[in-house]
Amino acid sequence: MKKDSLIIFDTTLRDGEQSPGASMTKDEKIRVARQLERMRVDVIEAGFAAASPGDFDAINSIAQVVRESTVCSLARANENDIRRAGEAITPAPRKRVHTFIATSPIHMEKKLRMTPDQVVEQAVKAIGWARQYTDDVEFSAEDAGRSDIDFLCRVFEAVIKAGATTLNVPDTVGYTLPSQYGDIIRQLIERVPGSDKVIWSVHCHNDLGLAVANSLSAVMSGARQVECTVNGLGERAGNASLEEVVMAVRTRADIFPVETRIDATQIVPASKLISQITGYPVQPNKAIVGANAFAHESGIHQDGVLKHRETYEIMRAEDVGWTQNKLVLGKHSGRNAFKSRLAELGVVLDSEEALNSAFARFKELADKKHEIFDEDLQALLSDEAVTPETEHYKLTYSQVTSETGETPLARLTLSVGGEEKQGESTGSGPVDATFKAIESVLNSGSELLLYSVNNITSGTDAQGDVTVRLSKGGRVVNGSGADTDIVIASVKAYLNALNRLHNEPAKLNPQEGV
Ligand code: KIV
Ligand code: ZN
């Protein structure tokens with residue numbers, strides 16, 4: 001029997017970016033978008049164009065480079081947001097405007113201060129504005145999970161008549177249960193006139209840990225688009241995880257009447273890239289992409305797997321992109337080998353100068369670490385993205401002593417907007433001493449919310465990948481840094497976070513107002 005297509009709508013660059021501190025630079029977003037396209041995601045929600053000029057520019061750049069996937073921008077249901085979204089996606093061969101307005105009693109009354117009639121009227125107008133830019137228009141009824149079903153039918157009927165082509169039913173606060181959510185989707189498809197002319201979409205948050213279960217239940221009820229994020233990134237507890245949805249549908253093909261176009265071998269590379277860029281580590285026991293997802297610790301399991309792999313494995317690690325760390329380059333690799341490996345990773349450096357500088361850093365790294373893997377190259381590229389314009393704070397020298405029985409001491413010199421400044425401090429360990437030495441110079445007034453270290457590849461010569469999350473004046477940013485020396489990686493991450501606080505303007509959250 002021919003299966004229906006299940007459209008995979010990835011919102012890592014929009015809802016995922018709304019995770020605290022997960023904001024990405026334009027270059028990082030382009031790298032993520034290229035990887036999503038390589039994974040054959042159907043729709044890439046590239047951002048919320050009205051959030052800031054920087055967000056507009058990033059979406060517009062993605063629309064210029066992505067050729068196969070549809071590029072989408074979110075917009076609240078107002079004329080200005082929709083104009084920004086429509087203009088940002090203009091260069092894309094396939095483009096979508098995604099507009100939304102809240103439909104639950106609590107959101108309409110307390111957030112929007114609008115009556116249900118006004119909400120319907122605004123939604124219809126929004127579709128008209130969006131259709132001026134593209135025929136591919138998605139409408140979301142925010143907080144549909146807590147909305148009245150009769151009212152949802154009314155809004156959806158009105159937006160179908162106005163020209164919406166995809167109707168999304170978000171469980172914005174992750175409140176529904178799988179049977180209930182599946183039932184909502186079934187009722188909407190049965191009751192809304194014209195429902196067979198549109199794609200029904202789901203967007204589930206994970207507050208009760210049910211985002212994937214709810215999404216899959218909705219698919220069984222007729223939803224044909226799932227909105228999801230790589231690693232389940234997203235507001236609060238996150239969104240449905242792309243890798244779990246895709247692999248559930250594929251592994252249980254005996255149950256699901258749908259199939260996706262996703263190239264599953266690109267899942268693990270996408271997960272690693274996004275974790276490294278956002279500074280959100282993946283928990284080891286996370287399904288599909290966690291380091292232990294295919295590790296068989298217990299003796300009984302190992303024995304079973306060796307005798308016959310399917311005794312304990314329902315998927316194959318290599319099918320989702322787990323490979324033994326692949327040696328890609330070494331100390332003797334030349335500039336051409338380096339350039340072509342970057343091209344295979346979908347990275348195009350925009351000038352000879354950028355390539356030369358990245359190659360010089362690669363050689364430095366290859367001197368310290370003999371085997372260079374794709375993950376090392378991705379980390380190197382993140383460092384490379386730091387330019388003199390974005391690097392207000394920079395480390396020029398550091399000396400850290402840590403001896404048995406002695407208090408660790410850090411001395412360092414920083415360049416602050418081009419001016420050299422020195423600082424020193426003791427601390428409970430070398431990293432603590434270094435951060436305090438930085439603060440003795442900068443006195444930044446920021447609060448350290450998180451410090452975490454992960455190894456990029458295996459072995460004691462691996463680079464440490466450090467994430468630092470700082471908050472200041474209500475803004476939260478993540479900084480990351482990689483180096484074979486953990487203290488240097490920590491300094492890079494701390495300064496990266498401070499540079500982000502310094503450079504990135506505050507931006508609008510789409511879920512504030514209309
Ligand atoms: O969770 C939500 O309701 C959203 C909408 C903007 C689609 O992210
Ligand atoms: Zn959401």
Side-chain angles (χ1 to χ4, degrees), residues 7-20 22 43-51 55 59 70 72-78 81-82 84-85 96-108 110-112 119 122-123 126-127 130 136-147 151-152 155-156 159 164-176 181 184-185 188 198-212 214-215 218 223 225-242 245 507-514:
I7 297 168
I8 296 295
F9 175 115
D10 180 278
T11 182
T12 308
L13 290 169
R14 199 279 297 168
D15 214 316
E17 209 211 9
Q18 288 174 222
S19 315
V43 186
I44 298 174
E45 186 162 57
F48 167 45
D55 287 71
I59 298 169
T70 297
C72 168
S73 170
L74 184 68
R76 294 169 299 180
N78 69 57
D81 273 26
I82 293 172
R84 297 295 281 162
R96 175 179 296 185
V97 171
H98 174 193
T99 184
F100 74 100
I101 192 162
T103 51
S104 64
I106 184 167
H107 275 227
M108 290 191 288
K110 305 286 182 213
K111 178 176 98 160
L112 300 178
V119 166
Q122 191 72 19
I127 305 302
D136 186 347
V137 174
E138 172 168 336
F139 172 77
S140 285
E142 190 191 11
D143 204 16
R146 293 188 299 172
S147 300
F151 183 59
L152 278 182
V155 178
F156 283 136
V159 295
T165 46
T166 298
L167 302 189
N168 187 33
V169 189
D171 183 17
T172 303
V173 291
Y175 179 69
T176 62
Y181 190 62
I184 294 175
I185 301 298
L188 289 172
V198 294
I199 297 286
W200 289 90
S201 166
V202 291
H203 175 113
C204 297
H205 279 269
N206 206 28
D207 300 66
L208 292 172
L210 294 171
V212 170
N214 284 345
S215 305
Q225 172 175 286
V226 172
E227 303 197 353
C228 46
T229 56
V230 174
N231 298 339
L233 216 59
E235 282 270 11
R236 306 180 310 279
N239 288 73
S241 119
L242 177 147
V245 170
K507 56 182 179 183
L508 198 64
N509 181 308
Q511 275 136 331
E512 285 162 22
V514 63

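Quantities reported herein were computed from a predicted structural model and do not represent experimental measurements. Counting starts at 1 for both ligands and their atoms, in listed order.
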(Q) Surrounding OH of Tyr175 (heavy atoms of other residues, nucleotides or ligands, distance under 6.0 Å), is the total greater than 12? (A) no
Q: Look at atom CG of Leu508 and say whether more than 12 heavy atoms of other residues, nucleotides or ligands are closer to it than 6.0 Å.
A: yes
Q. Could a heavy atom of Pro510 be found less than 4.0 Å from some atom of ligand 1?
A. no
Q. Any N or O on Asp143 sitting closer than 3.5 Å to an N or O of ligand 1?
A. no
Q: Go through the steps for His203 and Phe100 under the test side chain to side chain contact (heavy atoms under 4.5 Å, CB included), then give the verdict.
A: CA-CA 12 Å; His203 175 113; Phe100 74 100; over 6 Å; no
For [X], counting its heavy atoms only, list the atoms of ligand 1 lying under 4.0 Å from any of them.
{"X": "His205", "result": "1 (O)"}
{"X": "Ser140", "result": "7 (C)"}
{"X": "Asp15", "result": "8 (O)"}
{"X": "Arg14", "result": "4 (C), 5 (C), 6 (C), 7 (C), 8 (O)"}
{"X": "Glu142", "result": "3 (O)"}

Q | Side-chain touch Glu138/Cys72, heavy atoms, less than 4.5 angstrom | A | no
Q) Side chains of Ser140 and Asn168: do they bring a donor and an acceptor to under 3.5 Å? A) yes
Would you mind telling me if ligand 1 is within reach of the side chain of [X], the backbone, both or neither, using heavy atoms under 4.0 Å?
{"X": "His203", "answer": "side chain"}
{"X": "His107", "answer": "neither"}
{"X": "Thr172", "answer": "both"}
{"X": "Glu227", "answer": "neither"}

Q: Please report the C-alpha distance between Arg84 and Phe48 in whole Å, then the side-chain angles of each, then the deciding distance to 0.1 Å, and finally whether the side chain to side chain contact (heavy atoms under 4.5 Å, CB included) criterion is met.
A: CA-CA 9 Å; Arg84 297 295 281 162; Phe48 167 45; over 6 Å; no
Q: Decide, yes or no, whether a salt bridge links Glu17 with Lys507 under the criterion of side-chain N to carboxylate O below 4.0 Å.
A: yes
Q | For atom 4 (C) of ligand 1, the protein heavy atom that lies nearest, with its residue and separation | A | Gln511 NE2, 3.2 Å
Q.
Ignoring hydrogens, what is the shortest heavy-atom contact between Ile7 and Val43? Give both atom names and the distance.
A. CG2-CG2, 4.0 Å
Q. With respect to the Zn ion (ligand 2), what is the nearest N, O or S atom of Asp15?
A. OD2
Q. Between Ile8 and Cys228, does a side chain to side chain contact (heavy atoms under 4.5 Å, CB included) hold up when you go through it step by step?
A. CA-CA 7 Å; Ile8 296 295; Cys228 46; 3.9 Å; yes
